[in-house]
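Single-structure report; data block below.
Start at 1 with the first residue, then count along the sequence.
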Amino acid sequence: MKFLYSDTQDYVDPGYDFLNDRSSPGRERYWSDVYAHELMHPVPYDGLLVSMSAVRQAAGVASSKVRYSTREEQRMLRDGARNFLRYGGPRFKDAMLMGDCGAFAYVDHPVPAYTPEEVMEFYTEAGFTHGVSPDHIIFDCDLGNPPETAVNAAARQRYAITLANAEAFLGLVRREGMPFEPLGPVQGWSPKSMAEAAHRLERMGYRYLAIGGLVPLKVDAIKVVLSAIRERIQPDTKIHLLGFAKADSIHEFTDFGITSFDSTSPLIRAFKDEKANYYSEGPDGKLAYYTAIRIPQAIENARLMQGIKRGTFSAEDLHQRERKALRELRAFDSGASTVGTTLDAVMDYHQFLVRDNGTNAAQQDKVLRKTAALVQRTLEQQPWKRCGCDVCRAIGVEVIIFRSSNRNKRRGFHNLGVYHRHLRKTLGEAV
């Protein structure tokens, strides 16, 4: 089972100055920066997935979904995705490079934003090893398997569009002799309809299926869907799980013949999760999670800046508390401070992220007590000192500080490495 990371242009400045919080002299975005697969050894994933909607603007689709500039898109198509992502050469010669359409970007549109012809051209020019036919997401999955006549017209139309696109796409790939392996996307409103879609895709000639629409489903529901699909297709037909949000539960899916899956979850949780920001492996071999210690930059944090503008907070006072929290945490890391003293300094600053937020004092105190308990656990166990990954060895305690993208993304890179190692152990493979 291969783990693919979904490219979201996540890279970091290798020479970032953490003590002064500034980029390296002369740093140029992208050109000076490094991806996780450049920074870390071993590489923290088995391949990359790039969504067309993140690269190319489509008519009628909000530009906020596009992460690439026009110049970056042109360079990727001119030089190829491997060169653009710096994912070429002997080290990555066997790594998967998959393309999909990024159907979430046009989920509110009546039809997909790209035609099969446009998608095939994009995959070919970029040099992907695998490419998914353009699909149209169906979010509602009724485990009761309602008949097609009981399903709304929009879902039925999306189902028909996805299958029609898949047939047209495969025909183009075969006729043009394209150098990538095509994947047929499975969408449906129930386990039974998704199994039927998988069967029809297999009859078209697909030998690799991409299962979509799983994001809102819980683990048990996904198992029901995969069981239904497996019963209708050949044992050797490969399965990819698109945007698998339940990556931490992958050990529960080893019996479904999953060939690959993609996820951004380990990296995203580094800075979007409320409390599980830092991955670690416990003595029992299971994943363990720690909260990062939030010490944001006072003049850049939106909540703190609002308080300063209203006159509720003093900018100078916040700066002093911010500097003290950083100073105590770094002193603690070197053995020159205690858990109690460090916790007090951190929470003395952190309280301003909770105060003046419209809730009553009792609720604010409750939130602060919960946060203090999580921070205390992080300080007591010091997980960054037990980790031997390239990130933790290079920057030490800075990896656990929730502050600026260069720390937060490095923590995400660390998470990817821990997760990938955990996956390999789960599958009984050498790490």
Side-chain angles (χ1 to χ4, degrees), residues 2-10 35 37 45-58 61 65-70 72-88 92-107 112-137 161-162 165-187 201 206-215 238-244 259-264:
K2 296 185 181 297
F3 165 47
L4 277 60
Y5 176 67
S6 303
D7 165 60
T8 50
Q9 288 202 305
D10 288 311
Y35 290 95
H37 52 267
Y45 32 72
D46 302 304
L48 290 172
L49 179 142
V50 179
S51 292
M52 189 173 176
S53 63
V55 178
R56 175 175 297 176
Q57 180 65 44
V61 177
K65 299 290 185 181
V66 178
R67 295 179 179 271
Y68 284 58
S69 67
T70 300
E72 287 171 332
E73 177 195 352
Q74 292 172 346
R75 189 164 66 246
M76 171 187 269
L77 297 180
R78 182 184 66 245
D79 299 339
R82 282 203 187 276
N83 288 333
F84 182 86
L85 297 167
R86 300 196 284 271
Y87 200 56
F92 306 115
K93 65 181 180 65
D94 296 324
M96 291 177 67
L97 189 58
M98 184 180 291
D100 79 347
C101 294
F104 279 99
Y106 53 79
V107 66
Y114 313 101
T115 66
E117 291 82 2
E118 291 173 316
V119 172
M120 186 192 71
E121 180 183 354
F122 175 74
Y123 293 164
T124 303
E125 289 185 10
F128 291 106
T129 62
H130 299 74
V132 184
S133 170
D135 59 336
H136 215 10
I137 295 174
I161 287 173
T162 298
N165 277 350
E167 188 166 20
F169 181 77
L170 186 60
L172 288 167
V173 170
R174 286 174 166 173
R175 185 163 61 250
E176 301 296 333
M178 293 298 98
F180 60 84
E181 182 171 359
L183 280 78
V186 174
Q187 294 286 348
L201 288 166
Y206 283 98
R207 293 297 174 262
Y208 207 159
L209 306 180
I211 316 301
L214 302 179
V215 172
K238 295 178 287 187
I239 286 178
H240 177 87
L241 305 182
L242 284 167
F244 191 55
T259 300
S260 56
F261 69 98
D262 68 271
S263 181
T264 59

Is the distance between the ring centroids of Phe169 and Tyr206 under 6.0 Å?
no
Kindly indicate whether the side chain of Glu117, heavy atoms from C-beta on, has any atom under 4.5 Å from the side chain of Leu172.
yes
Is the side chain of Ser263 donor-acceptor paired with the backbone N or O of Gly243 at a distance under 3.5 Å, no angle test?
no
Distance-minimising heavy-atom pair for Leu4 and Met98
CD2-CB, 3.8 Å
Considering only heavy atoms from C-beta outward, does the side chain of Leu209 approach that of Leu183 to under 4.5 Å?
no
Test side-chain hydrogen bond (donor to acceptor under 3.5 Å, both in side chains) on Asn165 and Tyr114 and set out the steps.
CA-CA 10 Å; Asn165 277 350; Tyr114 313 101; over 6 Å; no
Contacts of Tyr208 that satisfy ring pair (Phe, Tyr, Trp, His ring centres under 6.0 Å) - sequence neighbours left out
His130
Looking at Tyr35 versus Tyr87, is the centre-to-centre ring distance below 6.0 Å?
no
For the CZ atom of Phe122 and the CG atom of Leu77, what is their distance to the nearest 0.5 Å?
6.0 Å
Hey, does Pro112 have a side-chain heavy atom less than 4.5 Å from the side chain of Asp135?
no
Check whether any side-chain heavy atom of Met76 sits under 4.5 Å from a side-chain heavy atom of Val50, and report yes or no.
yes
In the structure I gave you, are the side-chain heavy atoms of Leu49 and Tyr5 within less than 4.5 Å of one another anywhere?
no
Audit row: His37, Leu48, side chain to side chain contact (heavy atoms under 4.5 Å, CB included) steps and yes/no
CA-CA 10 Å; His37 52 267; Leu48 290 172; 3.9 Å; yes
Quick check: closest heavy atoms across Pro185 and Leu201, and the distance to 0.1 Å?
O-CD1, 3.2 Å
Measuring from atom CG of Asp100 to atom OG of Ser6, what distance do you get when rounded to the nearest 0.5 angstrom?
7.5 Å
When you compare the side chain of Met96 with that of Asp46, does any pair of heavy atoms fall below 4.5 Å?
no
May I have the step-by-step check of salt bridge (charged side-chain N to carboxylate O under 4.0 Å, His left out) for Arg78 and Glu73, ending in yes or no?
CA-CA 9 Å; Arg78 182 184 66 245; Glu73 177 195 352; over 6 Å; no
Given 3.5 Å as the limit, does a donor-acceptor pair link the side chain of Glu118 with the main chain of Thr115, or not?
yes
Distance in Å, Leu97 CG paired with Leu85 CG, rounded so as to fall on 0.5 Å steps:
6.5 Å
Derivation of the side chain to side chain contact (heavy atoms under 4.5 Å, CB included) call for His240 and Thr259:
CA-CA 6 Å; His240 177 87; Thr259 300; over 6 Å; no
For Glu72, does the CD atom have more than 12 heavy-atom neighbours from other residues, nucleotides or ligands under 6.0 Å away?
yes
Flag side-chain contact, heavy atom, 4.5 Å: Asp262 against Phe3
no
Return yes if some donor-acceptor pair links the side-chain N/O of Ser53 with the main-chain N/O of Gly102 below 3.5 Å, else return no.
yes
What do the steps show when you test Val119 against Ser133 for side chain to side chain contact (heavy atoms under 4.5 Å, CB included), and what is the final call?
CA-CA 7 Å; Val119 172; Ser133 170; over 6 Å; no
Derivation of the side chain to side chain contact (heavy atoms under 4.5 Å, CB included) call for Gln187 and Ile137
CA-CA 7 Å; Gln187 294 286 348; Ile137 295 174; 4.1 Å; yes
Quick one: pull up CD in Gln9 and CZ in Phe84 and give me the separation to the nearest 0.5 Å.
5.5 Å
Which residues satisfy the ring pair (Phe, Tyr, Trp, His ring centres under 6.0 Å) test with His136, sequence neighbours excluded?
Tyr106
Going by the rule salt bridge (Lys or Arg N to Asp or Glu O under 4.0 Å), which residues pair with Arg207 if we only count those two or more places apart in sequence or in a different chain?
none
Should we count NZ of Lys2 as having more than 12 external heavy atoms under 6.0 Å?
no
OG of Ser69 to CD of Gln57: how many Å apart, nearest 0.5 Å?
12.5 Å
So Leu242 and Phe261, do their side chains get closer than 4.5 Å, heavy atoms only?
no
Measuring centre to centre across the rings, with the benzene-like ring taken for any Trp, is Tyr123 within less than 6.0 Å of Phe180?
yes
Atom pair CZ/CG of Arg86 and Asp79 - distance to nearest 0.5 Å:
12.0 Å
